[in-house]
Amino acid sequence: MLYVLLALAVFGLITSTVFTGLVLAALPSYLRERRAALEKLACGVGFTPPLSLLKPLHGAEPGLEDYLETFFVQDYPQYEVLFCARSAEDAGMAIARRVAARHPEISVKFLSTGGKPDYINAKAASLEHMEAAATHEILVISDSDVRVTPDYLRSVVLPFADPKMGGITCLYRGVSAEGGLWARLEAVGMSVEMTAGVLVARKFEGMQFTLGPTMAFRRGTVRRMGGFAVTADYCADDFVLGNEAFKQGDAIVLSHHAIDHMVINASFWQSMLHQVRWMKSTRFSRPKGHFGTALTFAMPFGLLGFAAGGVLGHWAWGIALLAWALVSRLAISLSVGRMVVQDASWFALLVLYPIRDFMGFFFWAASYTSSHIHWRGRIYRLMPGGKMRAAE
């Protein structure tokens, strides 16, 4: 039996190393495109059409005022910001009004849905209201828990200079907003694990989805897919929007620009719920790809090989297998986390990511334990294809 476990460890390390190779193979083309985009921006070759920035809100999240401030100091000639929440009295809206008052030069609209239409995913209703009220044809959608630099809008909108582009999305690096071990582990998973998967998908399938922290679409693209209502019953609304645009023939591009995704789940329990929910959402949205994710993790197999080799008395084998796993993870962590999204935390990349890789396997396994998720204080049941139904 121990030799079977040792063989399983070797098999898992081979598959995870193959995945590492795929990630490294995807890097050159992305880095080349990023270099070309940065050269265009540095030379003043820009594309700056007027645009509408859509910001759905839900409550006074930690750090919200500082994050919203970054969207009002953009180096961009003409844009408007639209905020929408379920209620006009939402605490997040009060913060948004306070920030907007400091920047009277920026056109701002404050909207509320009043709970209508009563979609399971309230964000879809907010996006519907904002799209209807938006002045401009290019819509940039950004989550409330992100922080951006002044060149954000110039960078994100650049690919729209090509009229064939229907949608754009950005990579992101995780940033622990308040510190803490669990938030930092979740953050490095965003920087490395998420980014690695996106780069491999882009290399071998093309972009068929978008990522929630930043999405941008032409209004015509959104209306041809049936409006933002297509996401009304979905948890992974970002995946659905990008996938619907792709299915109708619009090109989706991965921007060269990476943003800060602020991790606000500082407690152990909230962090675990969030990561398991994300895994379950991926399982129902992309079931075949998600199933194979188990073979992309290295540390569980390295530790299994170390334990099996040690019990069998083959300590040299065990140490070699564990070292194999560590080298594989550090190769991904440094190439993706440092080179691609430019995560500045060496401790997270060198120390925490191997731990996060080990944990990731168990999040993957947990995604098959049930179809229920905790989201915004309620429990929902995920259906085939990724739709949600209230479970209470």
Review point. Can you check whether W317 and F306 have ring centres sitting under 6.0 Å from each other?
Key: no
Review point. Under 6.0 Å between the ring centres of Y368 and H290?
Key: yes
Practice item. Could you check M207 against F209 for side chain to side chain contact (heavy atoms under 4.5 Å, CB included), going step by step and ending with a plain yes or no? Key: CA-CA 6 Å; M207 289 301 295; F209 54 90; 3.9 Å; yes
Point to revise | Criterion side-chain contact (heavy atoms from CB on, under 4.5 Å) against K55, the qualifying member of V108, V140, V146 | key: V146
Check your understanding: Is the closest side-chain donor-acceptor distance between S271 and Q275 under 3.5 Å?
Key -> yes
Check your understanding: Can you tell me how far the CG atom of L153 sits from the CG atom of D75, to the nearest 0.5 Å?
Key -> 9.5 Å
Practice item. Name the orientation class of the two ring planes belonging to F268 and W182 (parallel below 30°, tilted from 30 to 60°, perpendicular beyond 60°). Key: perpendicular
Review point. Do the charged groups of R286 and E205 touch, with an N to O distance under 4.0 Å?
Key: yes
Point to revise | Sub-4.5 Å side-chain heavy-atom contact between C235 and N121 | key: no
**Study point:** All side-chain contact (heavy atoms from CB on, under 4.5 Å) counterparts of S370, not counting sequence neighbours
**Key:** K280, H372
Point to revise | Beyond-backbone contact of L38 with R34, side-chain heavy atoms, under 4.5 angstrom | key: yes
**Study point:** Salt-bridge criterion met for R223 and E131 (N-O under 4.0 Å)
**Key:** yes
Check your understanding: Should S16 and L13 count as side-chain neighbours, where that means a heavy-atom distance under 4.5 Å?
Key -> yes
**Study point:** Check against side chain to side chain contact (heavy atoms under 4.5 Å, CB included), L6 and L2
**Key:** CA-CA 6 Å; L6 194 62; L2 289 173; over 6 Å; no
Practice item. Check whether any side-chain heavy atom of F19 sits under 4.5 Å from a side-chain heavy atom of L24, and report yes or no. Key: no
Point to revise | Test side chain to side chain contact (heavy atoms under 4.5 Å, CB included) applied to M388 and R381, step by step | key: CA-CA 6 Å; M388 295 187 293; R381 182 162 60 95; over 6 Å; no
Exercise for review: Answer yes if the side chains of S52 and K109 hold a donor-acceptor pair under 3.5 Å, and no otherwise.
Suggested key: no
Point to revise | Evaluation steps, side chain to side chain contact (heavy atoms under 4.5 Å, CB included), between Y119 and E128 | key: CA-CA 11 Å; Y119 295 153; E128 257 191 345; 3.1 Å; yes
**Study point:** Close side-chain approach of K123 and H58, heavy atoms under 4.5 Å
**Key:** no
Point to revise | Between S328 and T20, a side-chain donor and acceptor under 3.5 Å | key: yes
Check your understanding: Are R173 and D343 ion-paired here, with the side-chain N under 4.0 Å from a carboxylate O?
Key -> no
Point to revise | Between CE on residue M130 and CG on residue L82, distance to nearest 0.5 Å | key: 7.0 Å
Review point. Does Y67 have its ring centroid less than 6.0 Å away from the ring centroid of F71?
Key: no
**Study point:** Side-chain heavy atoms of T169 within contact of T214, under 4.5 Å
**Key:** no
Exercise for review: Indicate yes or no for a side-chain donor-acceptor contact from Q248 to the backbone of T221 under 3.5 Å, with no hydrogens or angles considered.
Suggested key: yes
Exercise for review: In plain terms, say whether R202 and E33 are close enough for a salt bridge, that is, a side-chain N and a carboxylate O under 4.0 Å apart.
Suggested key: yes
Review point. What orientation do F297 and F361 show, parallel under 30°, tilted 30 to 60°, or perpendicular over 60°?
Key: perpendicular
Point to revise | Under-4.0 Å salt bridge between R218 and D250 | key: no
Exercise for review: State, to 0.1 Å, how close L382 and S281 come at their nearest heavy-atom pair, and which atoms those are.
Suggested key: CD1-N, 4.0 Å
Review point. Charged N to carboxylate O under 4.0 angstrom, R224 versus E244?
Key: no
Check your understanding: Can you check whether L181 reaches R184 side chain to side chain, under 4.5 Å on heavy atoms?
Key -> no
Point to revise | Side chain E65, main chain V99, donor-acceptor under 3.5 Å | key: no
Review point. Which is it for R102 and E69 under the salt bridge (Lys or Arg N to Asp or Glu O under 4.0 Å) test, yes or no, and what are the steps along the way?
Key: CA-CA 9 Å; R102 296 198 291 265; E69 183 79 25; 2.6 Å; yes
Check your understanding: Is any side-chain heavy atom of Q208 closer than 4.5 Å to a side-chain heavy atom of I252?
Key -> no
